Amino acid sequence: MCLGVPGRVIEISGEAGGVRMGKVDFGGIRKEVCLAYLPDIEVGDYAIVHVGFAISRLDEASALATLETFKALGVLDEELGGAPADPPSCPVPAWTEAPPP
Amino acid sequence: MKYLAEFRDAPAARALAAEIRNSASRPWPIMEVCGGQTHSIIRNGIDQLLGDAVELIHGPGCPVCVTPLEMIDKALAIAARPEVIFCSFGDMLRVPGSESDLFRVKSEGGDIRVVYSPLDALDLARKNPARQVVFFGIGFETTAPANAMAVHLAARHGITNFSMLVSHVLVPPALEAILDSPRCRVKAFLAAGHVCCVMGFWQYPPIAARWRVPIVVTGFEPLDLLEGIRRAVRQLEAGEARVENAYERAVTFDGNRPAQALLDDVFDVTDRTWRGIGSIPRSGWRLSARYQAWDAEARFDVGGIATKEPANCRAGEVLQGTLKPYQCPAFGTQCTPRTPLGATMVSAEGACAAYYHAGRGVEPAVHG
Ligand code: SF4
């Protein structure tokens, strides 16, 4: 939950409710995100987003590389509020029979 | 499942690893503070790649793992109340309390909702004026700006049926507590990159100077982690103890000042108990006096809870770096992510879950 995922700002929806909001695209998954902490971020910029809040800017190349890594690590869905990584997809390791000394 | 060998930057990673192995004169104990980093290290086999050049000690930086049992029990008590819609990040649901967990309370009829952002909880409060909406506000400095904004907006818009159960923890006091411990073996820290996105790293130079410990702000990619380790080892070999930023593309010295300003307003520093570790002075945030009206602990009478840690769980030792998850007898047998005995087996950021997901039940093999 506290990893933070980089994404691209695709829309800024003004100051509804007194706080700057926008849409961010995370490699295909789109989320409503609060932009209040990056007051000068613009459409097309990349940012690291934690639990619905853009916290830090990032350049495009690093953002895309990080997204790939998080996908490979299997933590992207969990970070974006989806189901946690499904435990049974992990092989039941053989060593569970005989724990190491 | 991807291991480092499959990454496109594997040659660069191997070159960095070789440089670290060649320059380390002994196995330097280095702590990666953040649970996300632990997950990446174990999943990518970075510890294996480095052989005995460094010993990576996994730090307490998994918010799910260190949220105190008493707070989990308070959450369970509040979530069970009929008038309450209890909102939480998804990975808190399986965390074992003394007697139950949020999943079980939900199956017994508690109205518990998993939300992506605390603003979703605030929205629920707006839409359900007759209900009490409570958000479980946990985490490090990374999630705190989101939680602070939710409380701030509740106050600004007069949303009185919203409240927050706050159990925030702070990284710098935890580092100091680790360094002060007589059993401390840590010689350098990889500071958590995303905590530093928010807080910057202005808090670290006094710590580096006082305990003569290198602190390297580090990201989460395999290459980031290797670069952080490389810089830490270089300092250790040279007898230096400085703060370095190896995650420059996301972190500045100042951090996010607008976020820090709101954090200052919404939260006050408080002593906090860390699950498995104990009380650390001034290591947490609670709501400041201005926002007391939105404090769920004050709104609901949940005092007098007697806590009971699950038997057989050795998460405390894992969190303090004295026990590797696979050394716990329950690991992978009685205790799995589906049936966690301890909080460190729940979230992907917990050390026990990181080892389990990577199928790592044994001592890391040393290979070059
Ligand atoms: S493997 Fe399970 S029981 Fe053992 S320390 Fe980790 S969480 Fe606790």
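Just so it is clear, the structure is predicted and the values come from calculations on it, not from any experiment. For the numbers below, each heavy atom of this structure counts, side chains included, while hydrogens, waters and symmetry mates do not. Residue numbers start from 1 in every chain, and the chains themselves are labelled A, B, ... in the order their sequence lines are given, proteins ahead of strands.
Taken to the nearest 0.5 Å, the CZ atom of Phe53(A) stands 8.0 Å off from the CG atom of Asn147(B).
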Extract all donor-acceptor atom pairs below 3.5 Å that involve side chains of residues 32-42 of chain A and protein atoms in other chains or at least two apart in sequence.
unit_1, atom_1, unit_2, atom_2, d
Tyr37(A), OH, Pro145(B), O, 2.7
Asp40(A), OD1, Arg57(A), NH2, 3.3

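Between Ile48(A) and His194(B), the shortest heavy-atom distance links the atoms CD1-NE2, 3.5 Å. For the pair Arg249(B) and Leu58(A), the tightest heavy-atom approach, listed with the atom from each and the gap, is O-CD1, 3.5 Å.
Chosen from Ala146(B), Cys197(B), Pro258(B), the residue pairing most often with chain A at heavy-atom distances under 4.5 Å is Ala146(B).
With sequence neighbours left out, Asp123(B) forms a side chain to side chain contact (heavy atoms under 4.5 Å, CB included) with Arg126(B), Lys127(B).
His152(B) is not listed as a side-chain neighbour of Val19(A), based on a closest heavy-atom distance of 4.5 Å or more.
Interface residue Leu262(B): only side-chain heavy atoms are found under 4.5 Å from chain A.
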